[in-house]
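Input: a single structure, listed below in C-alpha cells.
When a residue number appears, it is its place in the shown sequence, counting from 1.
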Amino acid sequence: MIKLKNNSHESKKNEQSREQAKSMLDQDLDLRPAIILSDQGQVFFNLLLKLVGDSAVPFAQIDSLQISLLAESLDQLQQSLDSIHHNGIMIDGKRNMATTVYNSALKNVNDLLRDLNLTMNARVKQLLNNVQSGDVDDPFAELMSDD
C-alpha cells in the first residue's frame with residue numbers, strides 16, 4: 001500500500017511511486033462508461049459516479065470499466081427482478097430464466113462492490129483509518145462524549 005502523504009525520508013523509487021499514485025488519483029472524476037449501457041444502465045452509472053465522488057476512497061479513470069460493469073450488472077439485476085415480479089418464478093411449469101440472470105447479476109454486483117471498496121464494511125474501515133491517521137474528524141466523537 002502506498003501512502004499518499006509522507007513527511008519522512010524515502011527512496012527515489014518510493015517517492016516516484018507515491019507521486020505517480022497521487023497524480024493518477026488527482027484526476028478529475030469525469031468518468032465515461034467504458035462499455036455501451038442502456039438508458040437505465042446510464043442512470044445507474046451516473047448514480048454510482050455521485051456515490052464514488054462523495055466517497056473518501058479516491059477513484060480515477062482506470063476505475064471506469066469496473067463502474068461501468070457495476071452499472072450494467074445493476075441494470076441486469078433490475079430487469080431480472082422486473083421479470084420475476086411480472087411472470088413469477090415458474091413459467092408454464094419451468095423455472096423462469098430470469099432467476100438465473102438475477103443470481104448471476106447479484107453475485108457480480110457483490111463482487112464489484114467489494115472490489116471497488118463500496119461495501120458498508122469497506123467504507124467503515126476506510127473511515128476508521130482516516131480518523132486514526134487524523135485526515136478527518138471522528139464523526140462518532142460527539143455521540144460518545146460524556147457531555
Side-chain angles (χ1 to χ4, degrees), residues 1-6 10 13-145:
M1 179 166 186
I2 297 175
K3 290 186 177 182
L4 297 180
K5 295 179 183 177
N6 187 10
E10 64 184 348
K13 182 179 179 183
N14 287 348
E15 181 181 4
Q16 288 173 343
S17 296
R18 182 174 50 79
E19 291 301 322
Q20 184 180 15
K22 279 176 66 174
S23 70
M24 285 176 61
L25 295 174
D26 285 341
Q27 293 176 2
D28 187 22
L29 193 62
D30 185 25
L31 297 179
R32 303 276 183 250
I35 57 176
I36 297 173
L37 298 172
S38 67
D39 290 342
Q40 184 65 36
Q42 186 65 48
V43 170
F44 282 129
F45 185 83
N46 293 336
L47 289 171
L48 288 167
L49 282 186
K50 179 164 176 32
L51 175 69
V52 299
D54 294 342
S55 173
V57 179
F59 286 84
Q61 194 65 36
I62 58 175
D63 298 310
S64 177
L65 178 61
Q66 283 190 305
I67 295 172
S68 299
L69 292 173
L70 180 55
E72 177 66 23
S73 294
L74 287 169
D75 186 26
Q76 291 172 359
L77 190 66
Q78 182 62 51
Q79 289 180 41
S80 60
L81 272 175
D82 289 346
S83 174
I84 292 168
H85 289 164
H86 185 263
N87 300 318
I89 295 175
M90 300 296 283
I91 300 174
D92 297 329
K94 296 181 182 175
R95 190 170 126 190
N96 185 346
M97 289 306 294
T99 58
T100 303
V101 173
Y102 173 81
N103 290 332
S104 176
L106 185 60
K107 181 187 180 316
N108 290 341
V109 166
N110 285 331
D111 291 346
L112 288 163
L113 286 173
R114 188 176 51 255
D115 290 348
L116 289 167
N117 286 328
L118 293 175
T119 63
M120 177 63 82
N121 288 341
R123 288 181 289 131
V124 168
K125 284 179 186 176
Q126 182 64 40
L127 177 63
L128 290 176
N129 287 340
N130 289 345
V131 168
Q132 289 173 347
S133 67
D135 291 343
V136 296
D137 293 330
D138 186 354
F140 303 109
E142 187 178 324
L143 291 173
M144 302 302 286
S145 68

Query raised in the report: Just wondering, do L116 and L70 contact through their side chains at under 4.5 Å, heavy atoms?
Result: yes

Report task. Quick one: pull up CD in Q78 and OG in S83 and give me the separation to the nearest 0.5 Å. Result -> 11.5 Å

Query raised in the report: How long is the gap from OG1 on T119 to CZ on R114, to the nearest 0.5 Å?
Result: 8.0 Å

Query raised in the report: Just how far is it from atom CD of E72 to atom OG of S38, taken to the nearest 0.5 Å?
Result: 6.0 Å

Got a list of side-chain donor-acceptor pairs under 3.5 Å for residues 100-107, not counting sequence neighbours?
from : atom 1 : to   : atom 2 : distance (Å)
T100 : OG1    : R95  : NH2    : 3.0
N103 : ND2    : T99  : O      : 3.2
K107 : NZ     : D111 : OD2    : 2.7

Query raised in the report: Within the side chain of N96, is there an N or O that forms a donor-acceptor pair under 3.5 Å with the backbone of I91?
Result: no

**Report entry** N121 side, atom CG; L113 side, atom CG - distance, nearest 0.5 Å
**Finding:** 12.0 Å

Query raised in the report: Does atom CE of M90 have more than 12 heavy-atom neighbours, drawn from other residues, nucleotides or ligands, at distances under 6.0 Å?
Result: yes

Query raised in the report: What are the two closest non-hydrogen atoms of L48 and A71, and how far apart are they?
Result: CD1-N, 3.7 Å

Query raised in the report: So, for L37 and F45, which heavy atoms are closest and what is the spacing to 0.1 Å?
Result: CD1-CB, 3.8 Å

Query raised in the report: Should the heavy atoms of other residues, nucleotides or ligands under 6.0 Å from CG of L47 be counted, would the total exceed 12?
Result: yes

